[in-house]
Amino acid sequence: MQTASNSQTLTIQLSPEDSERLLAEAKRRQLDAHSLAEILLHESLTELKPVAGADIESLEKLYSFRGKTEILQFLEKHHFLMPVLLEAPDKIFNYFPGKKLCLEVEAGSEFINSAQLFLDIIIDGDADEIIDEALDKEEKLSEDWYLTLPYEVRRFFSCGVR
């Protein structure tokens, strides 16, 4: 029996901080860094789940996007956020009827995988009383809905007024 090898070489340059993290994790797992990098790459690629066209259409009806490509790439990796995004407008509109909703991915700078998907509730006006009222409503929304979401969701998803 013969087997053909279709392996390809991929070179990835890591920042010094990421390289140190990889080496430390490899040591902790008692693996060499190359093997751990292969494992992590494989895990991240197998976790990707393309966002369905119907889901994209639904999101486009509910939200405006700041960086559609980044949002869709983020959702491929964190597909468990889709149900939350589809239910969020109903929850939000109880407190902010008819307000525009916007999605944006903001990358963190300190840790690997620290990027978050932000759902901004767009508030019209900058008068103090409008802002105070919006912040009160945001706090109530957070207590009644956002803080009831699982930690894994809140780790990658945030919601607030802008």
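- The number of heavy atoms from other shown groups lying within 6.0 Å of CD (Gln30) does not exceed 12.
- Partners of Glu106 according to the side-chain hydrogen bond (donor to acceptor under 3.5 Å, both in side chains) rule, which considers only residues two or more places apart in sequence or in another chain, do not exist here.
- The ring-ring contact (aromatic ring centres under 6.0 Å, His included) test applied to Tyr63 returns no partner, not counting sequence neighbours.
- In Asp132, the CG atom is crowded: over 12 heavy atoms of neighbouring residues, nucleotides or ligands sit closer than 6.0 Å.
- Residues Leu147 and Arg154 form a side-chain contact, since some pair of their non-hydrogen atoms from C-beta on lies under 4.5 Å apart.
- Using a 4.5 Å heavy-atom cutoff, the side chains of Glu87 and Trp145 are in contact.
- Residues passing the side chain to side chain contact (heavy atoms under 4.5 Å, CB included) test with Glu133, sequence neighbours excluded: Lys137.
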- [ ] Begin from the C-alpha positions of Leu119 and Phe157 and carry the test side chain to side chain contact (heavy atoms under 4.5 Å, CB included) through to its verdict.
- [x] CA-CA 8 Å; Leu119 190 167; Phe157 171 71; 3.8 Å; yes

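- Of all heavy-atom pairs spanning Lys91 and Leu141, the tightest one is O-CD1, 3.8 Å.
- At least one donor-acceptor pair under 3.5 Å links the side chain of Asp32 to the backbone N or O of His34.
- The shortest heavy-atom contact between Ala33 and Leu23 is CB-CD2, 3.7 Å.
- Rounding to the nearest 0.5 angstrom, the gap separating the OG atom in Ser64 from the CD1 atom in Ile122 is 6.5 Å.
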Open item on the list: Does Leu59 form a side chain to side chain contact (heavy atoms under 4.5 Å, CB included) with Leu86? I'd like the steps, not just the answer.
Closed with: CA-CA 7 Å; Leu59 291 176; Leu86 295 173; 4.1 Å; yes

Open item on the list: Is there a side chain to side chain contact (heavy atoms under 4.5 Å, CB included) between His78 and Phe80? Walk through the geometry before answering.
Closed with: CA-CA 5 Å; His78 307 289; Phe80 57 87; 3.9 Å; yes

Distance-only check: which donor-acceptor pairs under 3.5 Å involve side-chain atoms of residues 93-103, not counting sequence neighbours?
residue : atom : partner : partner atom : Å
Asn94   : ND2  : Asp90   : O            : 3.3
Tyr95   : OH   : Asp144  : OD2          : 2.4

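- Checked by atom type and distance alone, the side chain of Gln116 never pairs as donor or acceptor with a backbone atom of Glu104 at under 3.5 Å.
- By the salt bridge (charged side-chain N to carboxylate O under 4.0 Å, His left out) test, Asp55 pairs with no residue at all, sequence neighbours left out.
- Under the rule for a ring-ring contact (aromatic ring centres under 6.0 Å, His included), Phe118 has no partner lying at least two apart in sequence or in another chain.
- Partners of Glu139 under the salt bridge (charged side-chain N to carboxylate O under 4.0 Å, His left out) rule, at least two apart in sequence or in another chain, do not exist in this structure.
- Every salt bridge (charged side-chain N to carboxylate O under 4.0 Å, His left out) that Glu60 has, sequence neighbours left out, goes to Lys68.
- Not counting sequence neighbours, the partners of Leu135 by the side chain to side chain contact (heavy atoms under 4.5 Å, CB included) test are Ile131, Glu138, Val161.
- Every residue two or more places apart in sequence or in another chain was checked for a salt bridge (charged side-chain N to carboxylate O under 4.0 Å, His left out) with Glu70, and none qualifies.
- With contacts defined as side-chain heavy-atom distances shorter than 4.5 Å, the pair Lys61/Ile56 does not qualify.
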Task: Residues Ile71, Arg66; criterion side chain to side chain contact (heavy atoms under 4.5 Å, CB included); working and verdict - done: CA-CA 8 Å; Ile71 292 166; Arg66 290 189 190 115; 5.6 Å; no

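- A heavy-atom distance below 4.5 Å is found between the side chains of Leu117 and Leu75.
- Closest heavy-atom contact between His79 and Glu76: CD2-O, 3.6 Å.
- With sequence neighbours left out, the side chain to side chain contact (heavy atoms under 4.5 Å, CB included) criterion links Ala54 to no other residue.
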